[in-house]
Amino acid sequence: MMNAKPWLDPNAKAGSYALGMLGLEERKLLYQLARYTYTGEGAVVELGAFCGASTCCLAAGIKDNPRAAGRHVDSYDCFIANELYLVDFIRKHFGETIDIRQSFASIFRRATAEFADLIEVHAGDLLEQSWPSGMPIEILFVDVAKTLALSGKVLTEFVAHLTPGRSIVIHQDFYHPTAFYLPVVMDFLMDHFSIIEAGRDWSVVFRLETAIPREKLQIASLYKFSFVQQQAALRRMMRRVGMPGSDYLRLSECAAIGTHFGDQQFRAALASAIRSATLDTDQVWSEGLSWCRDFKASRIRTRLYGAPSLMPPPTTADKAYMMVSALRSAIAARMASSGKPRPIG
């Protein structure tokens with residue numbers, strides 16, 4: 001059982017400062033997990049390498065861990081710049097101009113050259129890849145679950161191979177508003193996990209405590225939860241992670257509302273979340289808020305489902321939620337215009 005959190009030590013190392021989108025606290029987390037927590041009995045798997053910052057931190061930890069002799073990082077990525085923000089990051093930080101949908105594999109190889117003998121690269125679409133049957137995974141770093149299909153693949157192909165009582169899962173996008181489905185899924189599975197770190201930058205760390213039935217993973221992978229179920233899950237997770245994570249998840253709730261009900265409902269929810277927050281100087285909150293200001297429901301629906309038309313229609317409970325929400329908004333607006341104090345609750 002792991003009680004210590006070596007990444008919180010004032011002198012904790014990060015292992016590598018290779019260029020990438022990881023924060024310093026996330027770098028320390030990955031290195032310290034691979035250096036001190038990893039027993040060497042299972043694999044270290046990275047899903048979503050980008051240009052190799054997380055790869056280097058994990059590999060550096062393995063290199064410095066005497067129990068990890070002969071082990072390596074299994075690193076998965078398509079290594080294709082399929083979104084504009086990836087193209088912009090590479091141009092700005094690596095000084096290289098690539099086109100959308102062009103490979104950046106050569107940049108990854110140069111960035112990780114120091115640890116090349118400790119990395120096994122699995123290049124290609126994760127939806128078309130598999131994990132060797134029967135091989136346990138001890139550390140699973142997830143930075144690839146950008147769509148519901150990819151999130152489902154992570155669950156059925158990789159989470160299914162975790163070892164109860166030992167395996168660690170790091171969700172790097174846990175607090176990103178776009179990825180509101182990650183806390184929903186983890187809430188659904190929380191009978192089997194414990195939270196061992198509620199926030200290093202955008203990342204949250206879980207340990208598998210008991211085996212997850214295959215059928216439960218399958219349900220989670222299909223993600224057929226109604227909005228009402230998703231909202232309840234997000235609010236439970238807010239209580240689990242505490243502050244400041246609970247405020248980060250307020251933005252995730254806003255994104256879920258907007259994705260299901262549209263831009264106008266999103267803006268109303270965001271205004272409420274901003275009024276309730278106390279994190280003006282917090283970097284994760286500020287970056288999440290910056291993303292929210294450019295929210296477009298159709299874009300998120302396309303990203304998650306492939307096309308807005310593929311999103312499941314609202315359930316009866318979801319429609320009832322919207323009616324009650326609209327009524328509350330109308331009452332609040334009327335009272336605000338009349339100058340009367342708003343009722344508590």
Which heavy atom in [X] sits nearest to a heavy atom in [Y], and how many Å separate them?
X	Y	result
A59	I119	CB-CG1, 4.4 Å
F141	L22	CZ-CD2, 4.3 Å
L155	L217	O-CD1, 3.8 Å
C254	A273	SG-CB, 3.8 Å
L182	S151	CD2-OG, 4.1 Å
C56	A18	SG-CB, 4.1 Å

When you compare the side chain of [Y] with that of [X], does any pair of heavy atoms fall below 4.5 Å?
X	Y	result
V87	E96	no
H122	E46	no
H176	Y248	no
F94	R110	no
V144	D77	no
I212	V159	yes
L33	W7	yes
L118	V73	no

Are any side-chain N or O atoms of [X] and backbone N or O atoms of [Y], one a donor and one an acceptor, separated by less than 3.5 Å?
X	Y	answer
Q218	E215	no
E26	W202	yes
N65	I62	no
Y36	Y31	no
Q32	A14	no
D201	S203	no
D99	Q102	no
T147	L150	yes
K28	G23	no
R301	T259	yes

Ring-plane angle category for F261 and F227, please: parallel below 30°, perpendicular beyond 60°, tilted otherwise.
perpendicular

Is W131 reachable from V121 through a run of I, L, V, M, F, W or Y residues, each pair having side-chain heavy atoms under 4.5 Å apart?
no

In the single-linkage hydrophobic clustering (I, L, V, M, F, W, Y; side-chain heavy atoms under 4.5 Å), do M186 and I195 co-cluster?
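Yes.
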
Assess the side chains of [X] and [Y]: does a donor N or O sit below 3.5 Å from an acceptor N or O?
X	Y	answer
E287	Y175	no
E138	T163	no
H171	D173	no
Q265	H260	no

Cation-aromatic face contact K216/F188, 6.0 Å, 45 degrees:
yes

For M135, look at atom CE and say whether over 12 heavy atoms of other residues, nucleotides or ligands are found less than 6.0 Å away.
no

Kindly check if the number of other-residue, nucleotide or ligand heavy atoms within 6.0 Å of NZ (K63) is above 12?
no

Can you check side-chain contact (heavy atoms from CB on, under 4.5 Å) on D187 and R240, steps first, answer last?
CA-CA 9 Å; D187 174 80; R240 288 190 175 103; 2.4 Å; yes

Basic-acidic side-chain contact under 4.0 Å: [X], [Y]:
X	Y	result
R299	D294	yes
E83	R303	yes
E253	R250	no

Please walk me through it: do L140 and I168 pass side-chain contact (heavy atoms from CB on, under 4.5 Å)?
CA-CA 6 Å; L140 179 63; I168 302 296; over 6 Å; no

Identified side-chain hydrogen bond (donor to acceptor under 3.5 Å, both in side chains) partner of E41 from the options R166, R67, R71
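The option that passes is R166.
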
Interatomic spacing from [atom1] in [X] to [atom2] in [Y] - rounded to 0.5 Å:
X	Y	atom1	atom2	result
L251	L234	CG	CG	11.5 Å
S226	D318	OG	CG	5.0 Å
D74	T55	CG	OG1	11.5 Å

Taking it one step at a time, do F50 and F108 satisfy ring pair (Phe, Tyr, Trp, His ring centres under 6.0 Å)?
CA-CA 7 Å; F50 189 40; F108 172 84; 9.7 Å; no

Run the salt bridge (charged side-chain N to carboxylate O under 4.0 Å, His left out) check on R207 and E209 step by step: do they pass?
CA-CA 6 Å; R207 181 175 58 219; E209 304 294 355; 2.9 Å; yes

Please test Y76 against F158 for ring pair (Phe, Tyr, Trp, His ring centres under 6.0 Å), starting from the C-alpha separation and ending with a verdict.
CA-CA 12 Å; Y76 288 76; F158 295 92; 5.3 Å; yes

Residues I107, H93; criterion side-chain contact (heavy atoms from CB on, under 4.5 Å); working and verdict
CA-CA 11 Å; I107 296 174; H93 295 279; over 6 Å; no

Can you check side-chain contact (heavy atoms from CB on, under 4.5 Å) on L249 and M237, steps first, answer last?
CA-CA 8 Å; L249 290 179; M237 192 58 75; 3.8 Å; yes

Determine, stepwise, if the pair Y223 / Y305 fulfils ring pair (Phe, Tyr, Trp, His ring centres under 6.0 Å).
CA-CA 11 Å; Y223 201 77; Y305 294 94; 7.8 Å; no

